[in-house]
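Inspection log for the structure reproduced underneath, given as structure tokens.
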2 protein chains.
Amino acid sequence: MKRDSRLSSVLHALLHMAERGEPMTSETLAACMCTNPVVVRRTMGLLRDAGLVASARGPSGGWQIVADLNAVTLRDLYDALGEPTVFAIGNRHEAPQCLVEQAVNAALDDAFAEAEALLLDRLGKITLARLSADFNRRYAAHRTRT
Amino acid sequence: MKRDSRLSSVLHALLHMAERGEPMTSETLAACMCTNPVVVRRTMGLLRDAGLVASARGPSGGWQIVADLNAVTLRDLYDALGEPTVFAIGNRHEAPQCLVEQAVNAALDDAFAEAEALLLDRLGKITLARLSADFNRRYAAHRTRT
DNA sequence: GTTTCATGTAACTTCAAATATTACGAATTA
DNA sequence: TAATTCGTAATATTTGAAGTTACATGAAAC
């Protein structure tokens, strides 16, 4: 299976944008994430629909954060991306006739639902501001070392 | 992404085997799970390697549970399957140079690790015996209704 | 107002991982 | 020895994410 890395990607992009302060083109963002401008536009487009970033066309255009870094959590990003499937493990059939399979599914669904709830709760507690601060700590430490 | 449904599959198979009491061929199991005998053999083979089931060749051969249903948890099955990847969401790069991406990955890794730990803990608390009992409750209820 | 730059998006291709299939060898029972 | 069943290699299919190509649309700069 190929894992969905969009959450990781948009976070990477957003922190770079936060550092920069001025609009960044999808080309620039794609370069710093080793991907393709179209992929960036597609993904950032979802964040724009959610009101988190703004895009502008033409010269001096590009992408910019419009939300308050203290107010945006990773959960918000997850939601903006369309609440992608969390687990790579799932039931064989979703609504089986077989009573055995129903019992199996019920047990698995419970456990996975609990884990998903915990994950989303954790994501809801991490703000972009905190990640940005974390990055700046790492940056300072890095400059000290070298 | 295509989700891994082997945990669901082997559970389904094991409960059928528990009900039956005598060996079941991979062909029979495949039929009741709408899949292929070879797939069954491959997957059940992992459980055999873990000492949970036994296989016998030739006429009157097939698959049988050899473990105590009270002692086997879903976590044991997960382990027997080789601890498959839990999440369909992941980091873009695993060991990035970029400090921004390192900060992002660290935050995500934490949240996902917590959720995974909770999931495995839950799986470790569900025994095959409990699932079997759950099935029998459903079966009784079903017979009452019809 | 024309040129240039950048997004918007449809259509298609590639890639990775699970699952399915075919084929045949090896072991076991009757 | 014939029938049955597992063991397993090799290959194909399927699914969904990611990447690519192509071109239309809109905005700024001159």
Sugar-phosphate only, base, or nothing, as touched by B:Gly62 at under 4.0 Å among non-hydrogen atoms: sugar-phosphate

Can you tell me if [X] touches the phosphate of [N], counting only side-chain N or O atoms and a distance under 4.0 Å to OP1 or OP2?
| X | N | result |
| --- | --- | --- |
| A:Arg3 | D:dA18 | no |
| A:Arg57 | D:dT25 | no |
| B:Thr25 | D:dT5 | no |
| B:Ser5 | C:dA18 | no |
| B:Arg41 | D:dG7 | no |
| B:Ser55 | D:dG7 | yes |
| A:Arg42 | C:dT7 | no |

Rounded to whole Å, please give me the gap between [atom1] in [X] and [atom2] in [N].
| X | N | atom1 | atom2 | answer |
| --- | --- | --- | --- | --- |
| B:Leu81 | C:dA18 | CG | C1' | 13 Å |
| B:Asn36 | D:dC6 | CG | C1' | 14 Å |
| A:Trp63 | C:dT7 | CH2 | P | 7 Å |
| B:Asp4 | D:dT15 | CG | P | 16 Å |
| A:Leu46 | D:dA17 | CG | C1' | 14 Å |
| A:Ile89 | D:dT15 | CD1 | C1' | 17 Å |
| A:Arg92 | D:dT15 | CZ | P | 12 Å |
| B:Glu27 | C:dT22 | CD | P | 13 Å |

Residue met sooner reading DNA chain C from 5', once A:Ala56 and B:Cys34 are mapped to nucleotides: A:Ala56

Which sits closer to the 5' end of DNA chain C, A:Val38 or B:Pro84, going by the nucleotide each is nearest to? A:Val38

Using the side-chain heavy atoms of B:Lys2, tell me which of these nucleotides is nearest: C:dT21, D:dT15, C:dG8. D:dT15

Closest of D:dA18, D:dC6, C:dG8 to the A:Arg6 side chain is D:dA18

Hey, are B:Ser8 and A:Arg92 close enough side-chain-wise for a donor-acceptor pair under 3.5 Å? no

May I ask you to check whether B:Thr25 and B:Thr28 show a side-chain donor-acceptor distance below 3.5 Å? yes

Closest-nucleotide mapping onto DNA chain D: is A:Thr35 or A:Ser60 further toward the 5' terminus? I mean the 5' end. A:Thr35

Closest-nucleotide 5' rank along DNA chain D - winner of A:Gly58 and A:Val39: A:Val39

Look at the aromatic rings of B:Phe87 and B:Phe112 and report parallel, tilted or perpendicular, splitting at 30° and 60°. perpendicular

Ring-plane angle category for B:Phe135 and B:Tyr139, please: parallel below 30°, perpendicular beyond 60°, tilted otherwise. parallel

side-chain contact (heavy atoms from CB on, under 4.5 Å) evaluation trace for B:Asp110 with A:Ile126: CA-CA 11 Å; B:Asp110 270 6; A:Ile126 305 173; over 6 Å; no

Does B:Arg75 come within less than 4.0 Å of B:Asp79, counting only side-chain N to carboxylate O? yes

